[in-house]
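Before any comments, here is the structure.
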Amino acid sequence: MNTEKKAISLDAVASLCKRRGFIYQSSEIYGGINGFWDYGPLGSELKRNLKEAWWHDVVRTREDVVGVDCSLIMNPKVWEASGHLGGFSDPMLTCHQCKKHFRADHLQDQLAQSEWIDSLRSFAEDGEEGAQRYSERGLKKWASKKGRRLAPGLALIREPEAVWPKLAAALEAGGDSLAFEEVASCVIGADEAGASSLCPACGGGLTEPRQFNLMFKTFVGAMEDSASVAYLRPETAQGIFCNYRNVLDSSRVKIPFGIAQIGRSFRNEINPRNYTFRSREFEQMELEFFCHPSEADKWYEFWRDARYNWYVNLGLQSSKLTLRAHEGDELAHYARACADIEYEFPFGISELEGIANRTDFDLKQHQEFSGKDMRYFDDQTREKFIPHVIEPSGGVDRAMLAFLCEAYTEDEVPDDKGNLRSRTLMKLHPRLAPFKLAVFPLVKKDGMPEAARKITDDCKAAGIAAFYDEKGAIGRRYRRQDEAGTPYCITVDGETMESQTVTIRDRDSLVQERISADKVVECIRDRISKA
Ligand code: GAP
């Protein structure tokens, strides 16, 4: 078996996810809606397992963490206190021509990679030969011959004679992206009022940067006036801070303790992209861990390492995972320390989860805005203080995407005749896999379907997600389960009827063993616990 893992593309993962029912585009039959996604039969199981794993490891198996489940819409004052109403916005520029939006802080990078700047450079490098290029038709012909795209709004098309000498000069002066951008911008600036920079997508003029609030606005009640404005929560954390006193008063927690929540958050992202990575509706798994200020550094380190190891233990290769501490100037003004757990996706290294020492910022803000006392009274030391907070904040959908990318594998395995055949498999960790096992009768007769059904039912009754399949050749049934990420396949065959044994096949190693038919539940439990 050839087990070498090839580099994968996001398209290959997305195509498998659609084909096998992990992820679909939201409202696809109407052309979809940008930034929203649906999870299919396998995806919803995987997502549930992922959240269960987090809840189990962060809440249920600890004595110092409790959970909450808060409303999506909260009193708008919450967002004033948290700073989201004032500060949760990105300055953005909009293209006059193609109407695309760009974050001001991403613009330079996007321009440097833009296709039309490349086209300008290539045009300039080609020299002055062929006067026909100076006409609009000539330019378009030149571009199509070169396999290049010219920005439709680019001044070069409208005034090639005026632009050409400037391009030549830019090339002579070193030919970097900035030089070409400047050439185009001085020509475009003349006839696009208000254009302050150029669109990375089409070369059109961009507006001045404008504030764009990322919170989705709605109205509560019958009237759509300013008094009834409310927002869909952009993070689950604030529900936790607002309930910190309630939890203290209604449960027996004592500092240090954590409050955890998994739930939906909404952000009207300017550029949703990279499949589900940046969506407008997504789920977060957040923990706010309250501790004495003198212990905050210790707990920060504890949660940073615990959260990193959680991803490794569930199958993300540590070589693709990084723990990156924020530099001083990257830290939010209230944060004392912050680290990002990053994963190398097919589109680049990006954040999965952030772990921050948020100090007493949030509780102090809520104390000020609500007028409620957020101090904690330690009855042993008689000390009153506002606890400091360590916050591991992860995205369910991002974690899922990382696990899906990590699991996607193409390898070659021998078929019945020993010829190598390529197969696609999802090497999902057994804890996360939608089904833990599939059970097949070798043929649909001689009591095999009944025996296989019994094993399936026994597993389900024991709480193990099992899938029964009797359709098609056995090899094809294996392939279907490989793509679904099912780690074990049980086959009931002729021997089962005589010796009460079945074969168990391991998805990754393809090793098959015979085990007693009445030990399947035990064997699967054992394998999952050791995985
Ligand atoms: N309470 C802190 C907070 O919300 P954040 O870095 O804005 O911090 C935390 O978000 C996590 O939520 C991110 O690490 C990411 O996993 C997830 N997340 C944030 N925005 C997202 C989006 N647009 N789409 C998917 N996941 C997102």
Side-chain angles (χ1 to χ4, degrees), residues 23 26 33-37 39 47 50-51 54 58 68 70 72 74 78-79 81-84 87-90 103 106 212-216 231-242 244 258-289 300 303-304 307-308 310-311 316 321-324 326 330-335 337-343 345 347 349-359 361-363 365-366 389-405:
I23 302 175
S26 164
I33 170 164
N34 199 6
F36 297 88
W37 298 93
Y39 291 96
K47 196 177 188 196
L50 177 73
K51 291 190 283 182
W54 188 90
V58 174
V68 289
C70 308
L72 298 179
M74 303 174 74
V78 171
W79 309 115
S82 68
H84 285 87
F88 193 56
S89 54
D90 289 321
R103 273 174 59 165
H106 290 173
F212 176 85
N213 196 289
L214 295 184
M215 281 198 292
F216 279 98
Y231 301 91
L232 300 190
R233 69 179 178 200
E235 62 172 21
T236 60
Q238 298 305 324
I240 298 179
F241 292 125
C242 289
Y244 149 82
I259 307 180
Q261 171 161 226
I262 298 181
R264 296 216 174 223
S265 291
F266 300 82
R267 294 184 192 177
N268 199 0
E269 296 283 358
I270 298 148
N271 284 321
R273 66 199 156 94
N274 290 332
Y275 199 26
T276 57
F277 180 82
R278 190 177 304 288
S279 309
R280 290 182 163 136
E281 176 177 346
F282 54 96
E283 278 192 82
Q284 289 184 306
M285 329 181 258
E286 295 198 291
L287 169 70
E288 307 301 327
F289 196 82
Y300 167 73
W303 282 110
R304 183 197 59 194
R307 295 303 305 139
Y308 177 84
W310 188 79
Y311 290 101
L316 292 192
L321 262 195
T322 28
L323 190 59
R324 189 180 65 80
H326 282 206
E330 229 186 317
L331 286 177
H333 62 95
Y334 51 79
C338 188
D340 284 345
I341 299 175
E342 297 179 330
Y343 179 71
F345 288 96
F347 48 82
I349 297 176
S350 289
E351 175 194 326
L352 277 187
E353 172 161 342
I355 298 95
N357 176 346
R358 296 180 66 100
T359 65
F361 173 78
D362 304 272
L363 289 181
Q365 287 290 105
H366 286 299
V389 174
I390 307 303
E391 177 194 67
S393 169
V396 176
D397 310 75
R398 274 196 196 170
M400 239 182 109
L401 186 58
F403 285 117
L404 284 166
C405 291

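Quantities reported herein were computed from a predicted structural model and do not represent experimental measurements. One-based numbering, in listed order, for ligands and for the atoms of each. Residue indices begin at 1 and follow the sequence shown.
For Ala339, the side chain to side chain contact (heavy atoms under 4.5 Å, CB included) test picks out Tyr300, Arg304, Leu323, with sequence neighbours left out.
Judged by the 6.0 Å distance and 45° axis criteria, Arg307 is not positioned over the aromatic ring of Trp303.
A donor-acceptor contact closer than 3.5 angstrom links the side chains of Ser265 and Gln284. Residues Glu286 and Thr236 have side chains that bring a donor and an acceptor to within less than 3.5 angstrom of each other.
Residue Ala237 approaches ligand 1 through these ligand atoms, each under 4.0 Å from one of its heavy atoms: 1 (N). For ligand 1, the atoms closer than 4.0 angstrom to any heavy atom of Glu235 are 1 (N), 2 (C), 3 (C), 4 (O). Close approach to Phe277 involves these atoms of ligand 1, each under 4.0 Å from a residue heavy atom: 24 (N), 25 (C), 26 (N). Remark: ligand 1 atoms within the under-4.0 Å shell around heavy atoms of Glu286 are 1 (N), 2 (C), 3 (C), 4 (O). The Glu353 neighbourhood of ligand 1 comprises atoms 14 (O), with distances under 4.0 Å to a heavy atom of that residue. Proximity to Glu351 (heavy-atom distance under 4.0 Å) selects the following atoms of ligand 1: 6 (O), 13 (C), 14 (O).
Between Glu351 and Arg324, no side-chain nitrogen of the basic residue sits less than 4.0 Å from a carboxylate oxygen of the acidic one, so the salt-bridge criterion is not met.
For Trp37 and Phe282, the ring centers are positioned 6.0 Å apart or more.
At under 3.5 Å, a nitrogen or oxygen of Gln284, whether backbone or side chain, sits near a nitrogen or oxygen of ligand 1. At under 3.5 Å, a nitrogen or oxygen of Gly395, whether backbone or side chain, sits near a nitrogen or oxygen of ligand 1.
The aromatic rings of Phe345 and Tyr343 sit perpendicular, their planes meeting at an angle over 60°, well past the 30° parallel limit. Ring geometry for Phe403 against Tyr311 counts as parallel: the plane angle stays under 30°, on a 0 to 90° scale with 60° as the upper cut.
Heavy-atom separations between Leu352 and ligand 1 include at least one value shorter than 4.0 Å.
With a 4.0 Å heavy-atom cut-off, ligand 1 is reached by the backbone of Ser393 and by its side chain too.
The heavy atom nearest to atom 4 (O) of ligand 1, considering only Glu391, Arg233, Arg267, Arg273, is found in Arg267.
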